[in-house]
Amino acid sequence: MRTSLLSVSRSCQAVHRLPQNTFVSPTSSLSRHQRIAVLRNSSSHSCEADRSFYVTTPIFYVNASPHLGHLYSAVTADCAHRYKLLRGFNSKFTTGTDEHGLKIQQAAEAAGKDPLTFCTDVSERFKHLFDSCNISYTDYIRTSEQRHRQAVTHFWTVLCDKGLIYKGSYEGWYSTQDESFLTALQVENALDSSGKEIKVSLESGHKVEWMKEENYMFRLSAFRSQLLDWLRGNPRAVQPEPFHHAVLQWLQEDLPDLSVSRQRSRLRWGIPVPGDAEQTIYVWLDALVNYLTVAGYPDKHDRWWNVAHHVVGKDILKFHAIYWPAFLLGAGLPLPQAIYVHSHWTVGGKKMSKSVGNVVDPLERSQMFTTDGVRYFLLRQGVPESDCDYTDNKVIKLLNAELADSLGGLLNRCTAPALNPAQVYPSFCPRSFPREREGRAVVEDYDMLDAVRSLPAVVERHYESMHAYKALEAIAACVRKTNGFVQRHAPWKLDRRDGEDQRWLDTIIHVSLECLRTYGTLLQPIVPGISNKLLSRLGVRPGERSWADVNFLPRYQGTDCPFEGRALGEDCGVLFTRLESPNLDKQKPKKTKTEISK
Ligand code: ME8
């Protein structure tokens with residue numbers, strides 16, 4: 001990407017302006033204050049009350065195989081879904097593939113396949129990747145499905161019936177690669193690989209072409225003030241904040257009407273405009289409706305649609321935070337509760353993308369580093385607000401330090417037969433570790449207890465705002481403190497034959513296992529496999545792993561601990577095997593597929 005935090009275009013598309021007709025916006029008769037209230041009500045349905053949650057990833061284009069960036073979006077949404085399940089929510093989680101449009105039509109042609117066969121093949125690759133990486137989606141949507149065609153057709157008809165779509169003519173730049181319309185200010189001159197002068201998108205660098213055709217227009221311009229009201233009235237509608245701010249900035253500029261169809265003669269691979277066989281629905285309108293299709297639109301979407309949350313990359317913010325809410329307002333539907341935006345993975349400073357050819361193969365990496373290893377790395381290292389450069393060495397260093405040595409080492413120490421010959425969750429002795437601070441524990445130990453006791457609330461806050469990296473930072477800091485606690489008291493030096501030493505030794509192990517149980521429970525949304533291994537080794541049963549079960553160190557508070565005296569689970573080997581291969585970064589990133597339209 002060419003620019004900084006928001007490497008996204010500064011304004012929306014250029015279109016041939018047509019005279020406004022008599023369209024009246026659905027809420028234009030309300031005062032500004034009332035409109036904010038309407039929008040607030042429609043988008044802040046209490047999810048705490050009905051405990052339902054609906055999270056989506058973008059649906060991915062099938063013009064090339066998935067890369068690590070796609071997996072990052074999926075893992076981010078999967079983490080949110082698993083977290084909500086742990087909190088006792090009914091959660092729906094959808095991902096899938098975006099299969100229509102010129103880009104896919106051209107990719108299928110270049111591959112010499114009919115479009116559906118081509119799409120099925122690549123869509124299966126995405127599905128296989130997500131299944132291999134424990135992405136626990138509850139629905140996988142393909143826009144070529146019949147249920148989706150029905151939803152899009154219905155949605156279009158509603159917009160039409162409300163007078164929001166009219167026949168017009170578009171003249172301007174179009175990027176097939178981005179499936180996006182651009183103004184003259186959003187393009188620049190460049191040279192292609194043969195030295196020929198071409199125009200490219202300032203934002204993505206993708207080639208643009210001049211197009212002029214008759215098609216249908218959506219009255220996007222009519223929604224500017226409602227979009228501003230929505231964003232101003234809901235400061236958490238787009239998160240993190242810099243992206244919210246960016247959308248508000250875009251809305252300060254002109255918001256022309258949007259072309260929402262293409263001539264069928266140019267674009268055959270898509271959903272026809274109802275009642276006009278000569279036109280195909282614009283791929284972005286088609287694609288965005290996928291979120292409604294999965295929710296059960298048009299008949300039974302209310303339950304899920306009222307609690308919708310989108311995870312998107314910053315490259316598609318404009319489509320999700322301007323076009324999509326405008327379409328929804330037009331159709332009289334509630335707006336999503338939140339749009340969570342993340343930045344990009346780069347390689348050598350350039351956005352990892354199919355078109356640049358610098359993609360990292362996530363399946364290959366999950367075989368090298370394990371599925372949980374890749375998940376942990378992406379969520380620990382990925383910062384939504386800023387781009388992050390990928391190298392294999394970073395993965396190896398991080399996973400060795402935090403999963404193999406720190407967390408794995410702690411589990412190993414506390415369950416090793418040398419320290420724990422009875423292989424049980426030993427007893428806690430309140431006299432060794434009293435609340436009055438007169439036992440064998442020292443001030444740092446009390447600090448550690450405080451840190452671990454407050455950890456679930458800290459992690460909760462970060463999971464809620466989809467800042468998994470901050471949650472993992474906090475967990476890693478606590479794991480280090482627990483290791484420090486064990487190291488400080490060196491239980492291996494205590495004498496088991498001495499009653500007091502024996503009780504103190506058991507207490508050290510009990511406290512450490514309680515810490516590990518807390519970490520294992522809180523880590524489930526990130527590394528489900530490792531968490532399961534850890535909790536099973538501690539003898540924590542599947543029904544004892546929810547958020548409400550954490551209840552750290554009850555014996556210190558003077559209440560019973562259900563685990564005390566219980567046999568540990570089976571030893572299934574080290575938690576995470578150390579990774580070797582220091583020279584991996586010398587390998588060049590693999591090109592999976594060449595760009596079609598460049
Ligand atoms: O835009 N780093 O599909 P797409 C992080 N079909 N995430 C990345 C990434 C990177 N380098 N590259 C891609 C489309 N992504 C449309 C979406 S939704 C109704 C339609 C992720 O295959 C990120 O989530 O180009 C980005 O927004 C998405 O993949 C784009 O995937």
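Each ligand, and each atom within it, is numbered from 1 in the order the structure gives. Keep in mind the model is a prediction, meaning the values are calculated, not measured.
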Tell me which residues fall inside the under-4.0 Å heavy-atom shell around ligand 1.
Pro58, Ile59, Phe60, Tyr61, His67, Gly69, His70, Ser73, Asp98, Trp284, Ala287, Leu288, Asn290, Tyr291, Gly313, Asp315, Ile316, His320, His342, Ser343, His344, Trp345, Lys351, Met352, Lys354
Going by an N to O cut-off under 4.0 Å, is there a salt bridge joining Asp139 and Arg147?
yes
Ignoring hydrogens and angles, tell me if any N or O in the side chain of Arg264 forms a donor-acceptor pair with the backbone of Val273 under 3.5 Å.
no
With a cut-off of 3.5 Å and sequence neighbours excluded, list every side-chain donor-acceptor pair involving residues 150-159.
| unit_1 | atom_1 | unit_2 | atom_2 | d |
| --- | --- | --- | --- | --- |
| Thr153 | OG1 | Arg149 | O | 2.7 |
| Thr157 | OG1 | Thr153 | O | 2.7 |

Out of curiosity, Thr280 OG1 to Asp286 CG, how far, rounded to the nearest 0.5 Å?
10.0 Å
Among side-chain atoms of Asp178 and Ser204, is any donor-acceptor pair under 3.5 angstrom?
yes
Between Glu99 and Tyr61, do the side chains contain a donor N or O and an acceptor N or O under 3.5 Å apart?
no
